[in-house]
There are 2 protein chains.
Amino acid sequence: MASSPPRPGRDTRVARLPPRERILDAAEELFLREGIRAVGVQAIAERAQTTKMALYRHFDTKDALIEEWLRIVAAGYSSAFDRTEAEHPGDGRAQILAVTRFFAEGLPEVAERGCPFVNSIAGLPDRQHPARRLIEDHKATQRRRLTAMCERAGVRDPDEAAAEITFLMEGAQISAQNGSVDRAGERLLTAVEAILERGGADGGS
Amino acid sequence: MASSPPRPGRDTRVARLPPRERILDAAEELFLREGIRAVGVQAIAERAQTTKMALYRHFDTKDALIEEWLRIVAAGYSSAFDRTEAEHPGDGRAQILAVTRFFAEGLPEVAERGCPFVNSIAGLPDRQHPARRLIEDHKATQRRRLTAMCERAGVRDPDEAAAEITFLMEGAQISAQNGSVDRAGERLLTAVEAILERGGADGGS
DNA sequence: CCCGAACGATACCGATCGGTATCACGCGGG
DNA sequence: CCCGCGTGATACCGATCGGTATCGTTCGGG
């Protein structure tokens with residue numbers, strides 16, 4: 001096996017990531033594919049090409065690993081919001097349409113694996129569970145940012161508009177997953193535009 | 001029909017349903033409270049005041065029990081659609097508003113325990129699983145019925161309107177569950193009315 | 001009245017769960 | 001050079017998982 005080159009990278013074409021990242025990657029894949037509760041720590045460790053012991057050196061408990069994973073996913077969505085606000089400074093309407101497009105682009109993936117937050121919350125019936133709190137905090141923050149964008153867009157009732165847009169985004173994910181609505185992305189975009197229209201958004205135009 | 005089931009007569013000590021119903025009731029309660037996968041058959045049997053053996057006499061497997069439960073839940077929604085169609089014959093707009101109100105009224109419950117379909121699908125990653133097929137069939141049927149109602153209401157693009165209303169209903173449930181939107185019921189109704197307005201619904205004939 | 005089916009209880013099956021203990025090895029920094 | 005830490009491997013823990021086997025009891029309809 002490791003005959004001449006002492007250099008690592010024999011069993012992986014790219015340089016191997018540190019165990020912690022490998023574990024998080026493996027957990028993400030399995031959590032999405034099988035569901036939080038159906039996956040055992042043993043399976044995660046194996047897929048990460050390590051052992052349960054190594055996993056428990058980095059995460060106190062399986063639930064802590066779940067929480068950390070969800071934290072990363074939430075950060076991904078947050079940074080997408082950051083980006084759109086940076087790219088369309090002050091233009092609420094453009095920001096909303098951009099994040100809507102972001103959600104729409106993610107729909108094929110969500111249709112296959114489901115939404116990480118929605119699926120996880122189903123396995124976290126305890127409202128005090130740290131991972132569940134994290135999800136709810138994330139969703140509340142996202143909703144606040146959406147409301148702010150609606151205000152910026154000059155919509156008449158920003159609170160109502162943000163609520164409806166939130167419904168549409170969440171519902172598009174669910175309906176894409178259960179296959180009851182085709183062309184979900186286009187429908188989502190159309191519906192959000194209609195809400196902005198109805199609310200009298202300033203529009204960049 | 002001649003022979004009545006062993007219904008609890010008034011001299012029975014405890015009004016007790018037949019084991020099968022008790023098991024389904026217990027399963028419903030636990031599935032909603034803890035989640036499909038987190039509940040063991042032992043726990044279901046105990047809450048139904050019976051044993052695992054009795055449970056397996058009525059259901060081939062735990063998954064079959066899950067499927068049967070979901071079938072009952074789906075039937076409940078279907079009969080709600082039946083009722084509104086019967087109560088507002090030919091009036092698509094009134095039908096849509098009635099089923100929307102039905103969803104809105106269920107939101108407090110959904111906010112607490114989550115949507116049975118959404119939560120279950122998270123624990124059924126296998127698309128071939130009978131219970132998952134049942135959910136997807138149910139959602140597809142519901143979407144078709146909604147489209148028919150939109151046609152009846154004279155909306156310009158019934159397919160699009162039904163899709164958007166579906167998004168709103170599903171999204172309202174999710175957002176109520178994760179607490180990101182308050183007054184979800186009123187918002188849902190407002191949004192659906194706006195879609196009918198925009199689509200040029202007849203208003204009742 | 002009595003027979004068989006449904007029922008309740010208990011014990012058991014192999015597998016897997018989340019989590020821990022132990023130990024040997026490799027590698028890098030003081 | 002060598003010490004120590006992170007690592008990987010293995011074995012183990014008690015508990016629980018879904019599912020089955022074997023009892024004795026209860027009860028209602030032919």
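Letters A, B, ... are given to chains in the order of the sequence lines, protein chains preceding strands, and every chain is numbered from 1. Values below: every heavy atom of this structure, side chains too, minus hydrogens, waters and symmetry copies.
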Quickly work out the A:E46 CD to D:dG8 P distance and round it to whole Å.
14 Å
A:V41 side chain: which of C:dT22, C:dG18, D:dG18 is closest?
C:dG18
Just by distance, do the side chain of A:Q95 and the backbone of A:T84 share a donor-acceptor pair under 3.5 Å?
no
Expressed in angstrom and rounded to an integer, what is the separation of B:L55 atom CG from C:dG8 atom P?
11 Å
Rounded to the nearest 0.5 Å, how far apart are CG of A:L55 and CZ of A:R22?
11.5 Å
side-chain contact (heavy atoms from CB on, under 4.5 Å) with A:P158: of A:E151, A:M149, A:R152, only one passes, and it is A:E151
Rounded distance (Å) that lies between atom P of C:dG8 and atom OH of B:Y56
16 Å
Between A:A38 and A:R57, just flag the one whose closest nucleotide in DNA chain C comes earlier from the 5' side.
A:A38
Identify which nucleotide among D:dT10, C:dC17, C:dT10 has an atom closest to any side-chain atom of A:T51, counting heavy atoms from C-beta outward.
D:dT10
Can you tell me the distance, in whole Å, between the NZ atom of A:K62 and the C1' atom of C:dT16?
12 Å
Value in whole Å for how far the P atom of C:dC12 lies from CE of B:M53:
16 Å
In whole angstroms, the gap separating P of C:dA15 from CD of A:Q42 amounts to 15 Å
Looking only at N and O atoms, is any donor in the side chain of A:R20 or the base of D:dG6 less than 3.5 Å from an acceptor on the other one?
no
Length of the line joining B:R37:CZ and C:dC17:C1', which is rounded to integer Å
14 Å
Do other residues, nucleotides or ligands put more than 12 heavy atoms under 6.0 Å from B:E112 CD?
no
Nearest to the side chain of A:R22 - D:dG8, C:dA9, C:dG8?
D:dG8
Would you kindly give the NE2-to-C1' distance between B:H58 and C:dA5, to the nearest whole Å?
11 Å
Give A:T50 one of three labels, base, sugar-phosphate or nothing, depending on what nucleic acid heavy atoms sit under 4.0 Å from its own.
sugar-phosphate
Is the backbone of A:E29 close enough, under 3.5 Å, to the side chain of A:R113 for a donor and an acceptor to pair up by distance?
no
